[in-house]
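Note sheet for the following structure.
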Amino acid sequence: ATPIQVYVGLDSAEGPRERVDLALAELDRTGAFDRSVLMLISPTGTGYVNYVAVSAVEYLTRGDVATVTLQYSKRPSPLSLGLVKDAREQNRLLWLRILDRLRDAPHRPEVVLFGESLGAHTSQDVFLHWGTLGLRALGIDRALWIGTPYGSGWMHELGDPGRLDVDRDLVAVVNDIDQLTRTAQERGSKPRYVLVSHDNDGVTKFGLDLFTTAPGWLGPERPPVDVVDGASPRGVPAGMRWRPITTFFQSLVDMKNAQAPGPYRAWAHDYRADLPRFVSEVFDLPATARQMERIEAALRLRETTREGLFNRVTGTVHG
């Protein structure tokens with residue numbers, strides 16, 4: 001099938017209610033609700049959607065998928081932090097109306113959610129104070145988030161053992177696909193809601209509280225450093241220590257460096273190479289080993305070709 005992609009830009013309508021109306025009209029016009037998978041996407045600050053994630057879903061469903069995205073800002077993510085509330089309310093309105101539409105529909109697609117970086121924060125914020133129960137209540141069957149910023153309150157709620165609205169069998173925070181596989185084997189079931197956060201991604205660790213408080217990721221229970229073939233390395237060096245103020249500025253530099261462009265690989269704040277296998281596992285879209293190899297090769301080729309084109313235009317070289 002030909003994939004359906006609905007994208008409503010910030011200037012496409014006057015306000016959030018009108019943008020939601022326009023998105024629903026496009027979903028109806030294109031027949032999106034008849035597809036087997038409906039993918040809800042919250043973009044980064046600039047409105048960027050990770051095309052590797054979208055393409056992976058389109059390959060794995062053979063095009064039987066519709067994606068829908070609402071832009072909430074035109075500025076880079078660090079300059080869009082003040083718009084998290086606006087993005088949250090816009091996402092919530094769209095997703096509630098989609099849920100209302102599907103409640104009595106004769107055909108209900110699998111509803112999956114994807115967010116990257118600030119897009120992960122703005123989509124998780126919809127479920128703030130709801131735990132994993134909120135995802136089930138809004139009809140989100142599965143969710144995949146990559147590079148969730150440290151400031152996401154919902155992410156921190158997952159680690160609170162006292163929360164009664166968090167089903168820990170449904171959610172996992174992992175560095176790489178092998179960790180997810182091992183987690184599923186230990187639990188006897190696959191997590192439906194997965195946060196992929198590289199251990200060397202400064203975006204997932206930088207927060208204002210580093211000024212005065214030692215973070216958990218520098219605690220005595222930190223995982224040891226471990227190199228993983230084809231994946232971002234695990235763990236935090238044992239020699240790292242928290243120091244008031246100093247650690248804050250060191251982590252600020254780490255966050256900035258984590259977002260620097262580079263080659264196609266799973267490293268720091270770049271999750272492109274992780275995505276095909278995570279999309280397959282988390283969204284329950286199986287493929288044979290040979291099919292997965294071909295999908296990964298196609299996505300890698302397209303990314304390197306795109307980088308080559310950009311480099312020729314800008315005169316830059318990524319090491």
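Just so it is clear, the values below take in all heavy atoms, side chains as well, and ignore hydrogens, waters and symmetry mates.
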Just so I know, are the side chains of [X] and [Y] near enough to count as touching, which here means a heavy-atom distance under 4.5 Å?
{"X": "Thr67", "Y": "Val57", "value": "no"}
{"X": "Phe114", "Y": "Val49", "value": "no"}
{"X": "Pro16", "Y": "Asp86", "value": "no"}
{"X": "Pro149", "Y": "Phe206", "value": "no"}
{"X": "Gln71", "Y": "Tyr7", "value": "yes"}
{"X": "Thr204", "Y": "Trp217", "value": "no"}
{"X": "Leu40", "Y": "Ile140", "value": "yes"}
{"X": "Arg142", "Y": "Leu285", "value": "no"}

Measure the acute angle between the ring planes of Phe248 and Phe211, then classify it against the limits of 30° and 60° as parallel, tilted or perpendicular.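 Parallel: the ring planes of Phe248 and Phe211 meet at under 30°.
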Trp95 vs Phe127 aromatic rings, parallel, tilted or perpendicular, using cut-offs 30° and 60°?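 Geometry flag for Phe127 against Trp95: parallel rings.
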Euclidean distance, [Y] [atom2] relative to [X] [atom1], rounded to 0.5 Å:
{"X": "Ser55", "Y": "Ile295", "atom1": "OG", "atom2": "CD1", "result": "10.5 Å"}
{"X": "Leu118", "Y": "Ser152", "atom1": "CG", "atom2": "OG", "result": "10.0 Å"}
{"X": "Thr288", "Y": "Glu293", "atom1": "OG1", "atom2": "CD", "result": "8.5 Å"}
{"X": "Asp201", "Y": "Met255", "atom1": "CG", "atom2": "CE", "result": "10.0 Å"}
{"X": "Phe33", "Y": "Leu27", "atom1": "CZ", "atom2": "CG", "result": "4.5 Å"}
{"X": "His156", "Y": "Thr148", "atom1": "NE2", "atom2": "OG1", "result": "10.0 Å"}

Nearest atoms (heavy-atom pairs only) where [X] meets [Y]:
{"X": "Arg222", "Y": "Met240", "result": "NH1-O, 3.0 Å"}
{"X": "Ala266", "Y": "Gly230", "result": "CB-O, 4.4 Å"}
{"X": "Arg108", "Y": "Asp141", "result": "NH1-OD2, 2.9 Å"}
{"X": "Ser117", "Y": "Val203", "result": "OG-CG1, 4.4 Å"}
{"X": "Ala53", "Y": "Val279", "result": "O-CG2, 4.4 Å"}
{"X": "Tyr48", "Y": "Glu116", "result": "CE2-OE1, 3.5 Å"}

Candidate pair Arg35 and Thr61, rule side-chain hydrogen bond (donor to acceptor under 3.5 Å, both in side chains), full reasoning: CA-CA 10 Å; Arg35 295 302 171 95; Thr61 59; over 6 Å; no
Indicate yes or no for a side-chain donor-acceptor contact from [X] to the backbone of [Y] under 3.5 Å, with no hydrogens or angles considered.
{"X": "Ser80", "Y": "Leu83", "value": "no"}
{"X": "Trp130", "Y": "Asp165", "value": "no"}
{"X": "Ser77", "Y": "Gly45", "value": "yes"}
{"X": "Ser123", "Y": "Gly119", "value": "yes"}
{"X": "Asp199", "Y": "Gly235", "value": "yes"}
{"X": "Tyr72", "Y": "Pro43", "value": "yes"}
{"X": "Arg19", "Y": "Leu10", "value": "yes"}
{"X": "Gln291", "Y": "Ala287", "value": "no"}
{"X": "Asp274", "Y": "Ile177", "value": "no"}
{"X": "Gln90", "Y": "Val20", "value": "no"}

Would [X] and [Y] show up in the same hydrophobic cluster when neighbours are defined by side-chain heavy atoms closer than 4.5 Å?
{"X": "Leu275", "Y": "Ile41", "value": "yes"}
{"X": "Val194", "Y": "Val173", "value": "no"}
{"X": "Ile98", "Y": "Met39", "value": "no"}
{"X": "Leu133", "Y": "Leu158", "value": "no"}
{"X": "Leu144", "Y": "Val166", "value": "no"}

Between Val282 and Leu180, does the side-chain contact (heavy atoms from CB on, under 4.5 Å) criterion hold? Intermediate values first, please. CA-CA 9 Å; Val282 178; Leu180 179 64; 4.0 Å; yes
Salt-bridge present ([X], [Y]; N to O < 4.0 Å):
{"X": "Arg62", "Y": "Asp64", "value": "no"}
{"X": "Arg306", "Y": "Glu303", "value": "yes"}
{"X": "Asp21", "Y": "Arg97", "value": "yes"}
{"X": "Arg101", "Y": "Asp28", "value": "yes"}

Could you go through Val112 and Val37, starting from their C-alpha distance and side-chain angles, then the distance that decides it, and tell me whether this counts as side-chain contact (heavy atoms from CB on, under 4.5 Å)? CA-CA 7 Å; Val112 300; Val37 176; 3.9 Å; yes
I'd like to know whether CZ of Arg168 has more than 12 heavy-atom contacts from other residues, nucleotides or ligands below 6.0 angstrom.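 Counting other residues, nucleotides and ligands, CZ of Arg168 exceeds 12 neighbours.
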For Met155 and Trp145: C-alpha separation, side-chain torsions, deciding distance, then whether side-chain contact (heavy atoms from CB on, under 4.5 Å) applies. CA-CA 10 Å; Met155 179 178 66; Trp145 293 286; over 6 Å; no
Apply side-chain hydrogen bond (donor to acceptor under 3.5 Å, both in side chains) to residues Tyr150 and Asp209 and explain how you reach the verdict. CA-CA 10 Å; Tyr150 182 80; Asp209 56 355; 2.9 Å; yes
Passes side-chain contact (heavy atoms from CB on, under 4.5 Å), Thr183 versus Arg187? Steps please. CA-CA 6 Å; Thr183 298; Arg187 296 179 182 177; 3.4 Å; yes
Could you walk me through whether Tyr271 and His198 pass the ring-ring contact (aromatic ring centres under 6.0 Å, His included) test, one step at a time? CA-CA 8 Å; Tyr271 293 82; His198 290 160; 3.9 Å; yes
